[in-house]
Student: 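I have a structure here, written as C-alpha cells, and I will follow up with some questions on it.
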Amino acid sequence: MQNKLYNILVPVDFTAKNKWAITKAIELANNFNCNIHLVHVVYNPVFPLIPIDASRFTPYASHINMQACREKLASLKALYKNQLCGEGEIEISLLQGYPQTQLKQYIELYNMDMVVLGLSKFNLLERIISSISISMLARKTNIPILAVRSSGLVSHFKKIVLPLWNDIPVESVKLATMLARSFKSTVYLVSLRNRANAGENNILEKTLELVQSVSTIPVQCFLLEGQNIAKSTLDFSKRINADLILGQTVNEFRLPGLWNRITNKLLFYASKIPVLTCNKSAEPA
C-alpha cells in the first residue's frame, strides 16, 4: 500500500446507493487529489433466474441499452464534477460481461488504489443476489474496498478502529496511518481480552510499535470483552462514534449466530459505520 491514493473506482448501477458511494469517493479525492472512476458493467445472463423479455437481448435492444447507460454515466459525471476541489478528475467507463471479472480486470489495467461501494438498506437480499460481492472482490484483488451506507456520509474519518486477530495486519496499518495523517485522525487498536490468555496480547503491543515506527499519529489501544471480534469491534465503534472500521474478509469477522453464518453476514454488511475491507492477499486469477 502506497502513501497516497491516485485512482478510486466506484461501480455504479444507477440506484440510490451510488449517491453515498460517489459522495464518499469525492471526499477522499479532495483529500488526496486523486481521480474517481465511475464504472458501469452491463451484464445479460444467458440463463436468467427470472422470466424476462427475450427482446432485450436483440442487437438493436442491446445497442439502445448501451447508449442509455452511456448517457447516464455522462449525467453522473456532470452532476458531481464540480464537487471536486483538487486536481482529480472523474472518468467514466462502460463495460460488458460478468461484473466481478470486468471489475477485476479494470482494477488491474488502470491501477486502482481503492474501491468504494454503496450498500442498500435491505442488504440481506443484496448479499444473496448482488453481482458484486465485497468479500469475493476483496479476495481476488489486492486493493481495499470501502463499503458505505447513507449514514456514513456525515463526517470525515476522525476516529479509525483497527481490530486485531491472529497476526499484525501490516497493510491495514499502512492504510490506517495514511488516512489518519490526511484526516488528522486517531487510530484505535482493539483486540479481544480473552485472547490475551492465549498469548495473543503481544499482537496489540507489536501493532502499536509498528504504527508508532511509521507515523506520529495519535493511537489508543483497547482490550474488548466478548467472544466474537466482529461484534465486539462493532459495539466498541458505536460507543465511541467511530467514523471508519478497518476489517478483513476472514471468517473471524463474521457476526455470531447461525443465521449470520448462513447469510454470510460479515462485518461490512452489519455496520452502519463505513467499513474498509483489506484482504491479506489476493487469490490467483
Side-chain angles (χ1 to χ4, degrees), residues 1-3 5 114 134-135 138-139 142-148 152 155-257 260-261 265-282:
M1 182 73 195
Q2 60 223 5
N3 294 321
L5 298 178
M114 182 181 293
I134 296 175
S135 55
R139 286 196 300 268
N142 280 317
I143 68 172
I145 300 177
L146 177 61
V148 183
S155 62
H156 297 293
F157 298 141
K158 294 299 183 182
K159 297 180 180 179
I160 300 174
V161 177
L162 175 54
L164 306 173
W165 189 244
N166 283 329
D167 49 18
I168 300 174
V170 177
E171 292 303 311
S172 295
V173 168
K174 293 179 181 178
L175 184 57
T177 54
M178 179 191 70
L179 293 171
R181 282 195 299 266
S182 178
F183 289 102
K184 297 180 173 57
S185 315
T186 298
V187 173
Y188 296 79
L189 302 177
V190 300
S191 185
L192 293 182
R193 185 181 300 277
N194 61 3
R195 292 185 66 76
N197 297 327
E200 300 291 345
N201 55 322
N202 286 336
I203 291 178
L204 197 62
E205 297 174 4
K206 291 179 180 178
T207 305
L208 174 62
E209 292 175 0
L210 175 60
V211 174
Q212 292 177 333
S213 69
V214 298
S215 178
T216 58
I217 61 170
V219 185
Q220 296 187 31
C221 297
F222 291 88
L223 288 173
L224 307 179
E225 304 296 338
Q227 302 295 321
N228 180 275
I229 185 64
K231 184 179 185 305
S232 296
T233 297
L234 191 54
D235 292 342
F236 173 81
S237 300
K238 291 176 181 177
R239 287 199 305 272
I240 68 168
N241 294 317
D243 304 304
L244 180 68
I245 302 172
L246 268 68
Q248 296 181 24
T249 60
V250 294
N251 288 335
E252 287 77 8
F253 287 86
R254 180 182 287 111
L255 272 292
N260 289 330
R261 290 186 176 276
K265 194 171 185 179
L266 290 161
L267 178 60
F268 40 80
Y269 285 123
S271 174
K272 293 183 178 179
I273 301 167
V275 176
L276 189 53
T277 299
C278 302
N279 203 44
K280 291 182 179 180
S281 60

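Computed from heavy atoms alone, side chains included, the values below leave out hydrogens, waters and symmetry copies. Worth saying up front: this structure is predicted, and the values here are computed from it rather than measured.
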Student: Among residues at least two apart in sequence or on other chains, which ones pass side chain to side chain donor-acceptor pair (under 3.5 Å) with Glu225?
Tutor: Arg193
Student: Search all heavy atoms of Ser237 against all heavy atoms of Ile273 and return the closest pair with its distance.
Tutor: CB-CD1, 3.7 Å
Student: Rounded to the nearest 0.5 Å, how far does NZ of Lys238 lie from NZ of Lys272?
Tutor: 7.5 Å
Student: Within the structure provided, determine whether Asn241 and Lys158 are in side-chain contact (heavy-atom separation under 4.5 Å).
Tutor: no
Student: Specify whether Phe157 and Phe183 have parallel, tilted or perpendicular ring planes, treating 30° as the upper limit for parallel and 60° as the lower limit for perpendicular.
Tutor: perpendicular
Student: Of the non-hydrogen atoms in Pro163 and Ile245, which two are nearest, and what is the gap between them?
Tutor: CD-CG2, 4.4 Å
Student: Within a strict 4.5 Å, meaning less than it, do heavy atoms of the Leu276 and Leu179 side chains meet?
Tutor: yes
Student: So how far is it from Asp243 CG to His156 NE2, rounded to the nearest 0.5 Å?
Tutor: 9.5 Å
Student: Quick check for you: to the nearest 0.5 Å, what is the distance between Ser271 atom OG and Leu234 atom CG?
Tutor: 5.0 Å
Student: Among Leu246, Val275, Leu192, Val190, which residue meets the side chain to side chain contact (heavy atoms under 4.5 Å, CB included) test with Thr233?
Tutor: Val190
Student: Is there a donor-acceptor pair closer than 3.5 Å between any side-chain N or O of Thr177 and the backbone N or O of Val173?
Tutor: yes
Student: Please report the shortest heavy-atom distance between Pro218 and Ser185, naming the atom on each side.
Tutor: CD-O, 3.4 Å
Student: Kindly compute the distance separating CG (Leu244) from CG (Leu175), expressed to the nearest 0.5 Å.
Tutor: 8.0 Å
Student: Show every salt bridge (charged side-chain N to carboxylate O under 4.0 Å, His left out) that has at least one partner inside residues 210-219, sequence neighbours left out.
Tutor: none
Student: Salt bridge check: are Lys231 and Asp235 linked by an N-O gap of less than 4.0 Å?
Tutor: yes
Student: Over all heavy atoms of both residues, which pair between Leu164 and Ile229 is shortest? Give the atoms and the distance, please.
Tutor: O-CD1, 3.9 Å
Student: Can you tell me how far NZ of Lys159 sits from OG1 of Thr186, rounded to the nearest 0.5 angstrom?
Tutor: 8.0 Å
Student: Can you name the nearest heavy-atom pair linking Arg239 to Leu224, along with the distance?
Tutor: NH2-CD2, 4.5 Å
Student: Please check: side-chain N/O of Lys206 versus main-chain N/O of Ile168, any donor-acceptor pairing under 3.5 Å?
Tutor: no
Student: Just to verify, what does Gln212 make a side-chain contact (heavy atoms from CB on, under 4.5 Å) with, not counting sequence neighbours?
Tutor: Leu208
Student: For a quick test of reading the model, state the closest non-hydrogen atom pair linking Gly226 to Ser232 and the distance between them.
Tutor: CA-OG, 3.7 Å
Student: Rounded at 0.5 Å granularity, tell me how far CD1 in Ile203 sits from CG in Leu210.
Tutor: 12.5 Å
Student: Could you tell me if the side chain of Leu5 sits less than 4.5 Å from the side chain of Met178, heavy atoms only?
Tutor: yes
